[in-house]
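A short write-up of the structure that comes next.
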Protein chains: 2
Amino acid sequence: MGMDTKDKQLLKLLQQDATLSVNDLADRISLSATPTWKRIQRLAREGPIKKQVCLLDRKALNVNITVFVAIKTNQHDPKWLEKFATNVCDLPEVVEFYRMSGKIDYLLKIVVPDIEGYDKIYKKLINAAALYDVSSSFAMEEIKHTTVLPLDYC
Amino acid sequence: MGMDTKDKQLLKLLQQDATLSVNDLADRISLSATPTWKRIQRLAREGPIKKQVCLLDRKALNVNITVFVAIKTNQHDPKWLEKFATNVCDLPEVVEFYRMSGKIDYLLKIVVPDIEGYDKIYKKLINAAALYDVSSSFAMEEIKHTTVLPLDYC
DNA sequence: AGTGAAAGGTCTCCGCA
DNA sequence: TGCGGAGACCTTTCACT
């Protein structure tokens, strides 16, 4: 779908703050409310806007520890892997889950309150995935974490 | 701050869809509009709601490749590291950036359109960080990726 | 903390340029 | 595509329990 400058401006604004009113957005992209609203509708219907959510504070939810878990495996039975994937996805502590190229087969990002919390998830993981090689790295500091994607490539 | 069941229900709903109206939310947590609205205000003011944003589709923005970049360094001059951190944070392709424990010092998650795009960022990184040891892993498949945090620990 | 009603804004749709 | 206006809907406040 074609995206012009105003569409990109809208996306830039909405990525940072989805509470802006249609009128505010219209002002900022130098357009009146109706066409602005139509653009947003189009961007949501057939375009890049997937959803609108509240982002919560990890600290306030007591899941301030981020752990990256790298998993290697020899097992490549599709059915087994599918079950593994389902089990892992069902854990709410697993917030990201990738199949990787290279030496690592899977990379998980999990959030937990503390080391004990991590250990519980770790046990669930090796339960779900038996005989796998699992290595974990703890994030000491979150220097940047954004849901804002670059708009420079479209 | 104390959070009861209804607060958690609200957070669960708003994490998944922030377009729900106060009336909808009120219905779902079996409360009327006003106290529901007050709860949301409180959760946003002094609680876990940080912001409300639109989530965009990576594919539609032509940044469908996710790369994890692990950086090791011997350098620990604080001023230098601060400059490095600033430079890295300024890159819109870098969506996450952690200081890690263990063998890796920093872990970046970057999004790019293709290998060339990755190479450009790679060059910027080693420019910003000279003599560092950098190793990259490409995500082949995004199996799970959510902004929804678990509410089980608060 | 909760309710219901009323005022003030926004969103959404329509006809038109 | 763009504009402005009218009605519906939603948000926000207020008086009261």
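Proteins get letters first, then strands, A, B, ... in listed order; numbering begins at 1 in each.
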Check this for me, if you would: do [X] and [Y] make a salt bridge, where the nitrogen-to-carboxylate-oxygen distance has to be below 4.0 angstrom?
{"X": "B/Glu96", "Y": "A/Lys109", "result": "yes"}
{"X": "A/Glu93", "Y": "A/Lys124", "result": "no"}
{"X": "A/Asp7", "Y": "A/Arg39", "result": "yes"}

Whole-Å distance between [N] [atom2] and [X] [atom1]?
{"X": "B/Arg39", "N": "C/dT3", "atom1": "CZ", "atom2": "C1'", "result": "14 Å"}
{"X": "A/Leu25", "N": "D/dG2", "atom1": "CG", "atom2": "C1'", "result": "17 Å"}
{"X": "B/Trp37", "N": "C/dG2", "atom1": "CH2", "atom2": "P", "result": "14 Å"}

Could you work out which one of C/dT12, C/dA1, D/dC3 sits closest to the side chain of A/Gln41?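 Given the options C/dT12, C/dA1, D/dC3, the side chain of A/Gln41 is closest to C/dT12.
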
From the set D/dG4, C/dT10, D/dT11, return the single nucleotide nearest to any side-chain atom of A/Ser21.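 So the nucleotide nearest the side chain must be C/dT10.
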
Once the angle between the rings of A/Tyr106 and A/Phe97 is folded into 0 to 90°, is it parallel (under 30°), tilted (30 to 60°) or perpendicular (over 60°)? tilted

Over 60° means perpendicular and under 30° means parallel, so classify the ring planes of B/Phe68 and A/Phe68, tilted if in between.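 Rings of A/Phe68 and B/Phe68: perpendicular, over 60°.
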
Shorter than 3.5 Å, N or O on both sides, protein versus nucleotides 15-17 of chain C: list them out with atom names.
none

Centroid-to-centroid, B/Phe138 to B/Tyr118, below 6.0 Å? yes

